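Contents: one structure, followed by commentary.
Since this is a predicted model, take the numbers as computed values, not measurements.
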Amino acid sequence: MFASFSELFVHRRGAARLATATVVSGLVAASGLAGAGRAAADETTQSQGGAAATIGGLKTFGAAVIHAGSGDQEISAGLFEMSVDGGGMLQTYCVDLHSPTQRDAKYHETPWSSTSLGANEDAGRIRWILQNSYPQVNDLATLARKAGVRGPLTEQDAAAGTQVAIWRYSDEAAVDALDPQAEQLADYLEKHARNLPEPRASLTLDPPAVSGRPGELLGPVTVRTNGGSATVTPPADAATSGVRVVDKQGKAVTSTTDGGQVFFDVPEDAAAGTADLTVQASTTVPVGRAFASESRSQTQILAGSSESTVSATAGATWAKQGPVPAVSAAKNCAEGGVDIIASNKGDEPYTFELAGLQHTIAAGETRTVTVPLQEDQSYDFTIHGPGGFQKRFTGLLDCLTRGSDTGTTTQTLSGPSPATVGGTATDTNLAETGGSVITPMIAGVAIGLVVIGGATLIVLRRREHTAGE
């Protein structure tokens with residue numbers, strides 16, 4: 001989380017973690033997936049819609065102490081701020097204590113299942129803490145009285161105490177707030193926390209990919225949002241392609257609400273092709289939503305939101321005959337990998353290659369291919385189909401926090417900005433974080449991954465679907 005956490009980061013994740021991270025895509029190298037770097041590929045990370053933001057740093061914080069086997073570590077603890085793409089501000093706490101925060105890292109709203117929270121039985125208690133403490137409760141006198149805090153409770157104390165209570169559940173950390181008032185608040189929050197359900201997303205589209213025949217309505221794509229209304233933007237080339245976004249009666253749609261369904265209306269004489277639509281809304285992001293980065297910057301959880309811009313994209317594929325695929329992806333931390341969800345609304349089987357293995361989707365079938373990955377492993381998949389169809393998925397699997405105490409040394413953070421490591425989100429120097437010590441091991445693991453290839457990497461799960469779905 002902080003500049004003094006470089007050492008912790010290396011010890012926690014271990015040599016294997018750094019090694020798999022360095023293999024930018026050992027899986028893809030082994031599988032021989034063609035076209036992964038082509039500009040023509042439709043590239044996407046595994047964001048499922050919602051808010052996208054850039055982290056700005058630790059803004060309101062106090063001090064805390066981690067108790068470890070080799071000594072105590074004094075750190076800063078408190079609230080981060082993020083600026084939302086398109087407008088808006090977010091306040092977050094971290095739920096990944098021993099990882100660094102990259103300066104100006106890009107984050108996106110994500111389900112708990114795509115983070116360490118998905119396997120954490122206490123994730124709901126963290127949400128309770130967020131809803132019952134600062135900044136959601138900004139009357140500090142009332143909060144202090146309710147928590148039995150003796151003495152004045154400052155914003156810095158409230159932020160530090162809240163973060164400490166969260167770390168006890170997110171990382172199972174032995175951590176205390178340095179200030180007595182902050183510690184009293186942390187103890188109160190930890191003791192009284194109750195499990196609450198995961199909050200719904202600010203905006204998602206379900207499903208994110210559809211397919212079918214030209215002349216038909218392709219969909220439906222259902223809009224899920226906590227906002228009052230959402231704007232629907234048709235494909236960028238709609239004027240020339242003739243593809244429209246409509247409701248089930250075929251009427252053009254420019255806006256919708258929660259639960260609204262939209263379709264792609266493709267001209268009957270259209271050649272095989274693809275198109276995307278975008279839905280955008282202005283809303284407050286629900287407290288407790290997770291935010292993840294693709295740059296190994298620590299996972300965050302939302303504590304407060306201004307009115308913010310949120311968006312999501314859905315794609316369509318069509319062809320007059322043969323297989324007609326629709327492909328999407330989602331991180332699956334419970335299975336330790338990425339789910340590739342492929343469906344086929346055509347009249348012939350659709351076959352694609354992934355990690356060196358071929359998979360055939362029958363007409364009318366949907367199949368999920370789970371690609372297991374090592375923790376912190378980058379991945380880059382491109383899936384090909386008929387008519388020049390390409391879908392590229394890139395990202396990073398970041399599902400774990402430190403499982404056991406590896407020991408730390410006492411360090412005191414000083415200065416007003418102890419919240420970042422290195423420079424921008426893309427230029428972390430492994431040599432400065434201890435990576436150079438295990439360079440031979442990194443090379444060995446990289447070679448091992450390539451040799452293993454895709455033969456042991458695919459787990460299939462079938463979902464029953466009919467051709468009319």
Side-chain angles (χ1 to χ4, degrees), residues 23-49 114 205-212 218 221 264 272-277 294 312-319 321-332 335-373 377-397 449-450 453-463 465:
V23 184
V24 173
S25 185
L27 177 60
V28 173
S31 66
L33 285 178
R38 296 179 186 175
D42 183 7
E43 180 176 356
T44 179
T45 60
Q46 273 54 75
S47 171
Q48 297 180 14
S114 296
L205 301 180
D206 181 28
V210 296
S211 62
L218 310 187
V221 175
F264 291 85
T274 63
D276 292 327
L277 65 81
E294 301 298 347
T313 300
T317 307
W318 61 87
Q321 60 186 10
V324 188
V327 182
S328 61
K331 293 178 186 176
N332 184 343
E335 296 292 335
V338 176
D339 286 344
I340 305 295
I341 304 99
S343 64
N344 177 14
K345 289 296 181 69
D347 54 18
E348 296 178 8
Y350 164 54
T351 299
F352 66 94
E353 184 179 283
L354 180 61
L357 298 177
Q358 285 193 336
H359 307 284
T360 299
I361 314 299
E365 181 188 19
T366 293
R367 179 181 295 186
T368 297
V369 179
T370 302
V371 183
L373 299 171
Q377 183 176 350
S378 298
Y379 57 89
D380 190 336
F381 310 131
T382 297
I383 296 175
H384 301 266
F389 172 86
Q390 292 187 78
K391 197 73 172 180
R392 182 181 180 187
F393 302 102
T394 64
L396 172 79
L397 191 73
L449 281 173
V450 173
T456 63
L457 292 175
I458 303 303
V459 176
L460 297 182
R461 298 197 314 276
R462 290 183 178 271
R463 297 176 182 171
H465 287 261

Counting only heavy atoms not in Gln321, do more than 12 sit closer than 6.0 Å to its CD atom?
no

Could you tell me the separation between the [atom1] atom of [X] and the [atom2] atom of [Y], rounded to the nearest 0.5 Å?
| X | Y | atom1 | atom2 | value |
| --- | --- | --- | --- | --- |
| Ile340 | Leu354 | CD1 | CG | 6.0 Å |
| Phe264 | Leu277 | CZ | CG | 3.5 Å |
| Asp339 | Lys331 | CG | NZ | 12.5 Å |
| Asp380 | Leu396 | CG | CG | 12.5 Å |
| Thr366 | Lys345 | OG1 | NZ | 7.0 Å |

Any residue meeting side-chain contact (heavy atoms from CB on, under 4.5 Å) with Pro208, in chain and number order, not counting sequence neighbours:
Ser328

Nearest heavy-atom neighbours spanning [X] and [Y]:
| X | Y | value |
| --- | --- | --- |
| Leu218 | Ala316 | CD1-CB, 4.2 Å |
| Gly385 | Tyr350 | CA-CE1, 3.7 Å |
| Gly337 | Leu397 | O-CD1, 3.7 Å |
| Arg367 | Ile361 | CB-CD1, 3.5 Å |
| Thr313 | Asp276 | CG2-CB, 3.9 Å |
| Val221 | Ala314 | CG1-CB, 4.0 Å |

N/O donor-acceptor pair under 3.5 Å between [X] side chain and [Y] backbone:
| X | Y | value |
| --- | --- | --- |
| Ser211 | Val324 | yes |
| Asp347 | Gly322 | yes |
| Glu348 | Pro323 | no |

I want to check something: taking the side chain as every heavy atom from C-beta on, are Val371 and Tyr379 in contact at a cut-off of under 4.5 Å?
no

Are Gln390 and Thr382 close enough that some pair of their side-chain heavy atoms sits under 4.5 Å apart?
yes

Between Thr360 and Thr351, a side-chain donor and acceptor under 3.5 Å
yes

Name the orientation class of the two ring planes belonging to Phe352 and His359 (parallel below 30°, tilted from 30 to 60°, perpendicular beyond 60°).
tilted

